[in-house]
Amino acid sequence: MTSRAYSLVFSTPNKQYPKNDNKNGTLPPKAIKIPPQQKSSSNTIISNLFGRREFISSGVHLGIFTGYLMPTQFAEAVKGACEFTVSPSGLAFCDLIVGFGPPAAQGQLIKAHYVGKLEDGKVFDSSYSRGKPLTFRVGAGEVIKGWDEGILGTDEIPPMVTGGKRKLRIPPELGYGVRGAGCRGGSCIIPPNSVFFFDVEFVGKV
């Protein structure tokens, strides 16, 4: 992965990404539920490997199962396994695995693995492909606002804890705004005003 793709997780000066202050009143006043996406082939993946359709319904089994799958296989196995909750900021999240360790704290230096996808499912960046998690100081503006909120939590969003895996749906206001990201020669890896997704795994503090 080139350094240009690697930089996509990081934010640029705040003026490029205006804060969503909800002045127009269009955002929901409190967290609401989005119906879960249509089930994918996750049951087929698991039943082919283990011969048990009910395996997908067990959170404990899923936690063990992740240790035996590559990241892309894990992402397919859990697709549709949780439903998004939307916060007033427009950030949506769902927890695939809650985790088992201490929560992320403001200003803490942490490690996180991730896969970034556009709305059409195209992957634009992945730490797994580099074999190394991203290290950054959470809540310090070193990453886009959607990441800081999605990991640290808000009044409506619980913080991630060590070992947790969370899906984030990030609106433009908390992402790359009207400028997009990775733009060159009239095209952008992330187009302006894009909604996109991150699968985030909170590895833990450094």
Side-chain angles (χ1 to χ4, degrees), residues 9 31-87 91-106 108-117 121 123-136 138-139 143-144 146-170 174 196-206:
V9 176
I32 60 174
K33 297 286 186 181
I34 293 179
Q37 299 175 349
Q38 186 176 3
K39 296 294 183 182
S40 69
S41 59
S42 58
N43 285 353
T44 302
I45 294 171
I46 295 176
S47 60
N48 285 345
L49 291 174
F50 294 91
R52 295 184 179 182
R53 287 182 58 85
E54 64 270 25
F55 189 90
I56 189 64
S57 66
S58 172
V60 175
H61 287 166
L62 267 178
I64 298 173
F65 187 53
T66 60
Y68 296 92
L69 291 180
M70 294 298 290
T72 53
Q73 293 172 301
F74 170 73
E76 285 298 318
V78 298
K79 186 184 294 183
C82 67
E83 62 182 27
F84 281 105
T85 298
V86 183
S87 71
L91 179 68
F93 79 99
C94 69
D95 284 320
L96 303 171
I97 297 176
V98 174
F100 53 82
Q106 177 76 32
Q108 190 177 62
L109 192 63
I110 68 169
K111 290 183 178 182
H113 266 305
Y114 66 90
V115 177
K117 301 177 183 178
V123 174
F124 59 80
D125 197 8
S126 170
S127 65
Y128 291 109
S129 66
R130 293 187 294 275
K132 183 179 180 180
L134 177 68
T135 299
F136 67 100
V138 66
V143 293
I144 56 176
W147 262 55
D148 277 339
E149 282 193 16
I151 295 176
L152 276 178
T154 65
D155 289 342
E156 300 82 16
I157 302 175
M160 291 191 73
V161 301
T162 301
K165 296 176 184 287
R166 175 173 288 181
K167 295 181 73 71
L168 299 175
R169 179 181 180 274
I170 301 177
L174 300 180
F196 51 92
F197 298 81
F198 271 106
D199 296 334
V200 180
E201 175 187 356
F202 180 24
V203 178
K205 68 177 182 178
V206 176

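The figures that follow rest on heavy atoms only: side chains count, while hydrogens, waters and symmetry mates do not.
- Under the side-chain hydrogen bond (donor to acceptor under 3.5 Å, both in side chains) criterion, Thr154 pairs with Glu156, sequence neighbours left out.
- Put simply, CE on Met160 and CG on Leu168 are 7.5 Å apart, with the number rounded to the nearest 0.5 Å.
- For the side chain to side chain contact (heavy atoms under 4.5 Å, CB included) test, residues two or more places apart in sequence or in another chain that qualify with Leu152 are Ala104, Gln106, Val138.
- The distance from the CZ atom of Phe202 to the NZ atom of Lys111 is 12.0 Å, given to the nearest 0.5 Å.
- Here the side chain of Arg166 pairs a donor or acceptor atom with the backbone of Gly150 at under 3.5 angstrom.
- Listed by chain and residue number, Pro159, Val161 satisfy the side chain to side chain contact (heavy atoms under 4.5 Å, CB included) test with Pro103 (two or more places apart in sequence, or in another chain).
- Residues Phe136 and Leu109 fail the side-chain proximity criterion, which asks for heavy atoms closer than 4.5 Å.
- If you take NZ on Lys165 and CG on Leu96, they are separated by 8.5 Å, rounding to the nearest 0.5 Å.
- A donor-acceptor pair is defined here as one N or O able to donate and one able to accept, closer than 3.5 Å; no such pair exists between the side chain of Ser127 and the backbone of Leu134.
- Separating the NZ atom in Lys205 from the OG1 atom in Thr135 is a distance of 14.5 Å, to the nearest 0.5 Å.
- Side chains of Pro158 and Phe93 form a contact here, defined as non-hydrogen atoms less than 4.5 Å apart.
- Rounding to the nearest 0.5 Å places CH2 of Trp147 at 14.5 Å from CG of Leu174.
- Rounding to the nearest 0.5 angstrom, the gap separating the CZ atom in Phe84 from the NZ atom in Lys167 is 5.5 Å.
- Taking the six-membered ring for Trp and the full ring otherwise, Phe197 and Phe124 have centroids separated by 6.0 Å or more.
- Residues Asp199 and Lys117 are paired through a salt bridge, judged by an N-O separation under 4.0 Å between the basic side chain and the carboxylate.
- Residues Ile144 and Phe196 meet the side-chain proximity criterion, which asks for heavy atoms closer than 4.5 Å.
- Contact between Val115 and Ser126 at its shortest, heavy atoms only, is CG2-OG, 3.8 Å.
- Between Tyr128 and Glu201 there is a side-chain heavy-atom pair separated by less than 4.5 Å.
- Using a 4.5 Å cut-off on side-chain heavy atoms (C-beta onward), Leu91 and Ile170 make contact.
- Side-chain contact between Ile110 and Val203 is absent, with no heavy atoms from C-beta onward closer than 4.5 Å.
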